Amino acid sequence: MPELPEVETTRRGLAPHIVGRSVQQVIVRERRLRWPVPANLPTRLAGQRLLGIRRRAKYLLIDTARGSVMVHLGMSGSLRVMPAATPPFVHDHVDIVLDNGQCLRYNDPRRFGSFHWVLGDNHDLLRHLGPEPLSDEFTGGALYQRSRGRKIAVKSFLMDGKVVVGVGNIYANEALFMAGIRPDRAAGRISAARYTTLVSSVQAVLAGAIDKGGTTLRDYVGGDGKPGYFAQQLRVYGRDGLLCRQCTTVLKAIRQNNRATVFCPTCQR
DNA sequence: ATGACAACCTGTGGGC
DNA sequence: TGCCCACAGGTTGTCA
């Protein structure tokens, strides 16, 4: 479900409800996520005060004085704050019970998400991540250099977490449309100038989506339980067979690495 | 090193 | 109505 804007929206929604609170207990109903939920997580977390909540790529890091809980929402995960007494619904796998009668509840039908306990952000899953897309390190020049000699399609290149983090299928499609670049063009055959445009497009699309509270296609809700409204702004994703909003050409769908790609054959070259 | 692909899961929607 | 298949917002690991 979530790409970077949805994770960031979740982070912003949760922060006011959990930061400063202490953890009373942790209830793990289902350990079998992408990786098993660490057996010592409840012990590590119980009694700790939550000092802050950060995001790195699509990971959420909830800090305590002893270490941090690292949560990934995978494809279908969500985190919500609710009264701890709320009866658990199907796929409610983890509760972090707070000291005010509320709890932070993790739901994930597909169980592609994960929980880790990390110290000092030293974790293999964080180690090899590329730059944040909304940071100064994400530049056209860097993309251009890194792409030389690569035959991989530019869309796949853009979705490679070692190149830049947080750009998933929806926003890769949208950013390439905005930049006027065909998703199936070889990454190594795109000019420096066009990569500069692409960086701006990625940033504009992600920032715009964060501003709208993310994209709700089916059932995504942020930490405050509200859906996102970016779906109304989508130019190509999910619009194959419909007309390009810019030139009225019929949008074309292809599959790349078994993911849906939609683009305008006229506007994107 | 690179790039294509399978794998991990459940739920939903379309076609028949 | 029911059944089967394709597909869904992600990422890692394997293989050629």
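A, B, ... follow the sequence lines: proteins, then strands. Residue 1 opens every chain. Computed from a predicted structure; not experimentally measured. As a basis for the values below, the full set of heavy atoms in this structure was taken, side chains included, without hydrogen atoms, waters or symmetry mates.
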Item checked: salt bridge (charged side-chain N to carboxylate O under 4.0 Å, His left out) partners of residues 158-170 of chain A, not counting sequence neighbours, each pair once -> Asp160(A)-Lys162(A)
Next item on the list: Just jot down the salt bridge (Lys or Arg N to Asp or Glu O under 4.0 Å) partners of Arg21(A), sequence neighbours excluded, or say none.
Entry: Asp99(A)
Each nucleotide N or O in nucleotides 13-16 of chain C that has a protein N or O under 3.5 Å away: list the pair and distance.
none

Item checked: Test salt bridge (Lys or Arg N to Asp or Glu O under 4.0 Å) applied to Lys151(A) - qualifying residues, sequence neighbours left out -> none
Item checked: Which residues share a ring-ring contact (aromatic ring centres under 6.0 Å, His included) with Tyr106(A), sequence neighbours left out -> Phe115(A)
Next item on the list: Return each pair, listed once, that meets salt bridge (charged side-chain N to carboxylate O under 4.0 Å, His left out) where at least one residue sits in residues 106-115 of chain A; pairs must be two or more places apart or across chains.
Entry: none
Check: Picking from dT12(C), dG10(C), dT2(B), which would you name as closest to the side chain of Arg150(A)?
Finding: dT2(B)
Checklist line | Pairing residues for Arg32(A) by the salt bridge (Lys or Arg N to Asp or Glu O under 4.0 Å) criterion, not counting sequence neighbours | finding: Glu30(A)
Next item on the list: List in chain and number order the residues that pass side-chain hydrogen bond (donor to acceptor under 3.5 Å, both in side chains) with Thr86(A), two or more places apart in sequence or in another chain; answer none if no residue qualifies.
Entry: none
Notebook entry, point to check: So, is Tyr237(A) near the phosphate of dG9(C), with a side-chain N or O under 4.0 Å from OP1 or OP2?
Noted result: yes
Check: Members other than Leu251(A) in its cluster, when Ile, Leu, Val, Met, Phe, Trp, Tyr link by side-chain heavy atoms under 4.5 Å?
Finding: Phe177(A), Val236(A), Val262(A)
Next item on the list: Mind jotting down which residue pairs meet the salt bridge (charged side-chain N to carboxylate O under 4.0 Å, His left out) criterion with at least one end in residues 33-51 of chain A? Sequence neighbours excluded, please.
Entry: none
Checklist line | Secondary structure of DNA chain C in dot-bracket form (Watson-Crick or G-U wobble, distances below 3.5 Å, | marking inter-strand pairs) | finding: .|||||||.|||||||
Check: In the 5'-to-3' direction, what one-character label does each nucleotide of nucleotides 4-16 of chain B receive under the scheme B = base within less than 4.0 Å of a protein heavy atom, S = sugar-phosphate only, - = no such atom?
Finding: S---BBBS-----
